[in-house]
J.: 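Sharing a structure here in structure tokens format.
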Amino acid sequence: MKIFQSSKSFHQAFWGATLLSFIIALIGLLVIFFGERYHLRLVYAAYVNLLVVLGLQVFMGNTNITNLSHSAFMGLGAYIAAICVTPVQIKKLSLPDAPWGLNTFELDALSSALISLTLTGFLAFLTGLVIVRLSGIGATIVTIAILVIVHSIFMHRTDIFKGKQAFFGIPQVFDLTSIIIISIAVIFIARFFRESKWGIQLRASSDDEKSADAMGVNIFKLRLLAWTLGGLILALSGICYAYYLGTISARPFYFSHVFLTLAMLILGGMRSITGAVIGTILITFGLEGVRFMETGPVILGLKFPEMLGLSGIALGAVIVIIMVVRNGGLVGNFEIEQVFIKTRKKI
Amino acid sequence: MKLDCISKNFGGVKAVSQVSLEIGEGDVLGLIGPNGAGKSTLINLITGLLTPDVGKIFLSNLDITSQKPYQRARLGLARTFQNLRIYPNLSVGQNIEVASISSNYSSRTMNFDLDKIINIFDLEDKIDLASEELSYGHLRRLEIVRALALNPLVLLLDEPAAGMNENETKELSNSLKWVQNNIACAIIVIDHDLKFIMGVCDKITVMNMGEVIASGKPNEISNNKRVKEAYIGH
Amino acid sequence: MKPFFKKISISMFASFLAIPVYADTIKVGFPVPLTGEYAPYAEIQGAKCMAEIINNKGGVNGKKFELLVQDTGTDTQTAISLTEKFLDQGVVAIGTIPFSDTMIPVAQIAAGYGVTILQAQSTQVEMHTGIVDNFISNVSPDPFTAAAAAEYALSEGVKNVVLLTSDDGGSWSAKTPLWFGEVIENGGGKVLSKMNFSIPTSDWSPQIAEMKKLSSSPDAVYISSIMPDVGVLVRQMKAAGIDAWVFGSDGLDDPSLDSVADSDKSILDKVAFGTLAPSQPGSAMQEFQAECKALGMPVDGMFPALGADVIMALAYAVEKTGGTDPVAIREALRSADSIPVRTVESVSFKNNKSHAERTVPVIGFKNGVRVLLSNAIPTFVPNWK
Amino acid sequence: MIDYVVQQTLNALSFGAEYALIALGLAIVFSIMGLVNFAHGEVIAIGGYSMMVMAAIAFKNPIIIIVGAIFAAVIMAIFLERIAFRPVRYADATTGLLTAFGVSLILQNLFLLLVSPRPIAVTSMYFLDWPIKLGTIRISSLQIFETLATLLAILLLVLFLKRSFLGIAMRAASLDFEMVRLMGIRANRVIATAFAISGLLAGIAAIFIIARRGAVDPTLGFNPVLKAFVACVVGGFGSLPGAVLGGFLLGALEVGMLVILPQSYGGMKDAFVFAVIAIILVWRPEGILSPQKEKGDKI
């Protein structure tokens with residue numbers, strides 16, 4: 001089966017993904033060699049967010065439908081993998097009342113990840129059947145409903161998910177090197193999807209639904225495909241989160257994380273993979289700076305006041321300014337390879 | 001393609017009433033009529049954006065009345081839009097690709113060279129531009145090329161010459177002639193520019209108030225009394 | 001862990017995050033939520049003030065306290081990376097948010113450095129089940145506050161109780177009511193019903209309608225939740241004509257509860273809560289808050305005030321060991337019979353290793369003013385381990 | 001048993017009244033300019049904070065406080081329109097929604113920065129709340145006030161939209177904005193009026209919320225608006241009767257879930273409520289009372 005309609009699409013996708021991978025790997029390597037130990041953790045968290053943003057981009061960027069349920073799918077990925085991989089003796093302690101024998105088995109990390117991807121992907125497919133039938137705001141509402149429902153289940157089936165308490169004892173499987181490799185793989189997947197025949201048709205339908213319909217685009221099927229693929233990437237991000245942190249709870253998979261990652265995608269420009277990557281990098285570094293200011297530091301002998309909430313204000317301001325000034329984000333439709341290969345004059 | 005007595009009402013108003021048409025490969029049918037005559041509605045009914053209240057639509061003897069627009073497009077019904085509907089965030093080339101991807105889902109083989117058409121319609125050197133950068137005339141052409149990329153059996157052009165100057169209209173006529181001679185498909189053209197229609201069509205159907213009031217060769221139509229009445233008023 | 005070369009430190013973040021490092025201080029790391037959902041815990045307020053008080057007196061053995069504070073925004077990942085940062089800067093102890101999803105990974109990382117998590121307000125039972133060894137809580141776990149409240153309730157003749165539970169606050173809001181019920185039943189009382197609620201709840205009328213439907217009217221309702229929700233509950237119960245006690249946990253220990261009595265002085269007469277430290281007028285905590293206010297470092301409420309105890313306990317251990325070796329400090333804390341702190345007279349970690357043995361006060365109201373109803377170590381504590 | 005049913009029905013009614021009040025504020029803005037104004041919650045919070053400020057500078061007269069809070073909310077709503085929403089007036093719904101989310105985030109954190117992350121007691125509205133005995137049923141005066149205020153607000157709004165020039169212009173604008181502009185009515189005036197009305201409704205909602213909670217905190221408005229938003233959607237986007245219907249339906253659903261669900265599942269109330277919402281949307285993607293659009297041939 002043909003994935004790309006033209007070899008030009010393939011070349012763009014390939015070189016674009018390669019260049020982004022290079023940047024991503026470079027940042028990772030710089031931190032590995034020059035960073036302090038705690039930087040590794042900050043950067044790992046940033047890579048997890050990058051995966052989330054890419055997963056979000058695959059659906060939002062190609063369909064222009066706002067998704068607010070992404071953190072829920074990340075959470076599902078994290079929990080399912082965690083339940084499978086955590087050793088039995090720890091589960092006896094942490095999940096004494098787990099139903100269906102969940103605390104009586106343990107699997108290796110790879111099988112756990114595969115099970116998590118399969119189940120989350122299946123759930124994404126099922127919810128996708130509903131989402132793709134709705135348009136615009138209606139679809140967004142249902143994504144909010146999904147977020148609330150999943151969070152509610154995490155919170156109240158404490159026998160399985162522990163709610164706000166810690167689900168602990170997940171073995172540490174990944175390190176920074178692993179997530180760099182995974183990030184690169186996902187960049188390729190997302191970029192290839194964008195330039196693939198499905199991606200091009202989907203983007204056409206996001207520009208003009210009626211016209212795409214009249215041009216033979218099966219919008220339902222393609223949206224469902226993008227939604228499910230996005231769900232799989234989000235599940236992967238959750239697995240990466242759990243496999244490094246060792247302890248998870250329902251708390252991180254809710255509105256504040258939704259807005260953080262959404263701001264990352266919007267800032268860079270949701271229609272482009274380059275935008276997704278740039279947005280993640282800018283917000284990650286920017287927030288570190290803002291957080292430093294928040295606590296009232298002394299800079300050049302000058303004592304700044306404590307300004308709690310500054311990071312939230314900054315995040316909100318990023319969203320508003322981008323929406324008002326530059327709807328397509330910083331880069332719009334631009335992809336990184338266009339700096340080098342002059343295939344298009346200006347997009 | 002055949003339309004069998006199709007009708008559509010909007011809140012009691014008869015937009016299209018008992019229209020039957022038949023058109024075959026190589027035909028160029030002009031569809032004219034005053035504003036509100038139901039021409040665009042008819043096109044929307046044919047392509048599936050609207051469903052008829054009564055009547056059936058056949059394409060190559062296949063009943064497609066209940067097919068969705070994208071299915072009809074894959075079966076070979078291609079169209080352009082009265083108001084331009086180009087994908088602004090895709091390049092010119094990608095705009096065309098959207099349709100040629102769909103044509104891959106069809107079992108019909110492409111009997112013409114798409115690159116040749118791109119050349120004929122003067123888009124070759126603009127293929128990598130953002131579609132927003134094209135001039136109005138080129139956007140109109142892009143819509144036609146995009147529709148042709150579907151490898152159509154029937155090509156429906158909804159006011160292709162609207163907003164064009166005399167020169168551009170002339171070029172468009174020539175391009176359509178080329179299409180007629182080189183691509184095995186039927187063409188239906190809607191336009192207000194009677195000179196343009198008379199020039200490209202070998203058959204014309206006139207609609208008024210949702211009904212077909214006349215049908216025939218261009219010279220027959222221009223002498224038809226009912227047509228004159230419809231245009232000038234009683 | 002990958003190799004890293006600290007010395008070649010043109011680090012990418014250095015310009016953002018550098019914190020001046022002074023020699024020979026007692027460094028305590030606080031990767032804490034200054035913003036976000038858990039910002040109200042704010043133990044850092046009390047810790048900062050207490051550090052200032054001790055430093056003003058010349059420090060401990062000539063060493064001054066240096067608190068390394070950075071906001072986590074209530075995010076676990078950030079808390080963990082900041083912990084690692086503070087550990088690399090040589091802290092003797094870490095204080096973090098009182099929730100196990102953060103405390104466990106933070107403790108696991110600190111364990112590698114021999115550093116202890118010394119938490120000012122953590123009542124979560126999960127931390128004491130042996131998952132980590134380097135964790136010490138400055139207060140008693142939830143079963144103790146529940147038991148203290150229940151013992152007082154029994155002494156007031158309470159028999160029939162309704163328990164309001166919620167999963168939104170972890171075991172603190174889900175299990176504490178059940179422990180209260182256990183002590184009540186142990187004392188001959190009866191649990192009439194368990195009802196569920198969510199945090200936040202700003203209208204309790206459906207639950208109150210349920211209470212009125214019960215065959216016999218309750219003498220007391222127990223809830224472990226936060227303000228302003230509980231304030232609404234108290235007022236709506238009164239309005240609905242349910243004349244029952246409202247007992248609660250430390251979540252009620254918020255200055256905004258007192259304002260519920262603004263228009264009706266008697267409305268809080270049958271409200272009481274088992275809490276972490278006495279907070280009525282004239283208590284040590286109130287004195288401490290006044291002292292801090294005078295220093296220009298306001299400490300608002302009990303949770304922030306408890307941060308002072310952490311600093312006092314560390315000061316004791318530093319003095320005892322004569323140094324800042326984190327392992328020695330933990331040993332010193334766990335072997336002491338009695339450690340002087342600020343909110344109560346003293347605490348001891350000798351018997352329990354991971355949480356303080358201290359008196360559990362029950363606070364009530366007279367005419368809208370807080371009074372100390374009882375203050376003892378409860379005699380019957382449900383089995384919670 | 002009858003008492004219990006009546007009691008819970010009244011509860012559902014007052015829950016619904018609050019949602020309807022807030023949902024109306026969302027719907028009126030949506031109907032005019034297609035904006036899903038998530039920052040509506042912060043307009044409510046402004047009402048709460050202004051009460052806090054007024055109480056602190058020793059305004060004791062409740063009338064002054066009520067009028068002041070409503071005034072503050074109206075000013076805030078108009079201000080937000082001018083500053084944040086005017087630039088995205090003609091953008092698509094998604095852009096508007098995200099802008100509103102951003103504004104909401106900024107305001108919440110400004111409250112946190114300028115006031116406090118913790119709840120601050122505001123007890124000046126307690127006087128609205130006293131028990132009323134109706135036979136064997138006791139209800140709170142607040143529930144009655146709230147339901148009545150909502151009904152009154154709906155009535156006045158209907159009168160305004162039907163009788164006043166500006167109201168008629170607004171109704172026309174919700175059908176076809178361009179036409180109203182062509183008639184020479186300034187778009188700014190119509191939209192500012194819509195925001196002012198939404199601010200007014202938010203101010204009224206703020207009074208009842210504060211009267212019950214007795215405290216204000218930065219996220220005061222977020223949850224109610226999330227629910228009201230859902231109510232709006234269920235009722236039908238931009239349909240004012242739909243917003244009211246959706247609000248009361250949601251109130252009934254919430255209380256119903258608390259009553260019907262076994263206590264061990266009580267915590268899952270939100271999950272069930274949102275699942276029902278999702279099902280309604282799948283059944284009727286445009287909401288229950290959505291204005292049916294005439295599909296012409298201008299596709």
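Scope of the values below: all heavy atoms of this structure, side chains included, with no hydrogens, waters or symmetry mates. Lettering of chains follows the sequences in order, A, B, ..., and the numbering in each one begins at 1. Just so it is clear, the structure is predicted and the values come from calculations on it, not from any experiment.
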J.: Which one wins on heavy-atom pair count under 4.5 Å against chain D: A:Ile319, A:Thr66, A:Val148?
T.: A:Val148

J.: About how many Å separate CG of D:Leu98 and CD1 of A:Ile266, when rounded to the nearest 0.5 Å?
T.: 4.0 Å

J.: How long is the gap from CD1 on A:Ile153 to CG on D:Asp270, to the nearest 0.5 Å?
T.: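 It comes to 11.5 Å.
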
J.: Would you mind checking which part of A:Ile322 comes under 4.5 Å of any heavy atom in chain D, side chain (CB onward), backbone (N, CA, C, O), both or neither?
T.: neither

J.: Measure D:Phe222 against the heavy atoms of chain A and call it side chain, backbone, both or neither at under 4.5 Å.
T.: side chain

J.: With a 4.5 angstrom heavy-atom cut-off, which part of A:Ile65 approaches chain D: side chain, backbone, both or neither?
T.: neither

J.: Does some side-chain heavy atom of A:Val320 sit less than 4.5 Å from a side-chain heavy atom of D:Phe101?
T.: no

J.: Taking all heavy atoms of D:Val88 and all of A:Met323, pick out the closest pair and write down the distance.
T.: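 Nearest heavy atoms, D:Val88 then A:Met323: CG1-O, 3.9 Å.
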
J.: Please state whether the side chain, the backbone, both or neither of A:Ile131 comes within less than 4.5 Å of a heavy atom of chain D.
T.: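 It is neither, since no heavy atom gets under 4.5 Å.
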
J.: Which residues in residues 250-257 of chain A have any heavy atom closer than 4.5 Å to a heavy atom of chain D?
T.: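 At a heavy-atom separation under 4.5 Å, chain D is reached by A:Phe255.
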
J.: Find the one option among D:Leu105, D:Ile106, D:Leu97, D:Asn109 whose heavy-atom pairs under 4.5 Å with chain A are most numerous.
T.: D:Asn109

J.: Tell me, side chain or backbone of D:Val103 under 4.5 Å from chain A's heavy atoms, or both, or neither?
T.: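 Both backbone and side chain.
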
J.: Please classify the contact of D:Leu226 with chain A as side chain, backbone, both or neither, using a heavy-atom distance under 4.5 Å.
T.: side chain

J.: Heavy-atom cut-off 4.5 Å, strictly under: side chain, backbone, both or neither for D:Leu110 against chain A?
T.: both

J.: With only heavy atoms counted, which part of A:Leu315 is less than 4.5 Å from chain D, the side chain, the backbone, both or neither?
T.: both

J.: Nearest 0.5 angstrom please: D:Ile280 CD1 to A:Ile141 CD1, how far?
T.: 12.5 Å

J.: Got A:Ile149 and D:Phe272 here, is their nearest side-chain heavy-atom distance under 4.5 Å?
T.: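 No, too far: nothing below the 4.5 Å cut-off.
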
J.: Quick one: salt bridge (charged side-chain N to carboxylate O under 4.0 Å, His left out) pairs with a partner in residues 66-77 of chain A, sequence neighbours left out?
T.: none

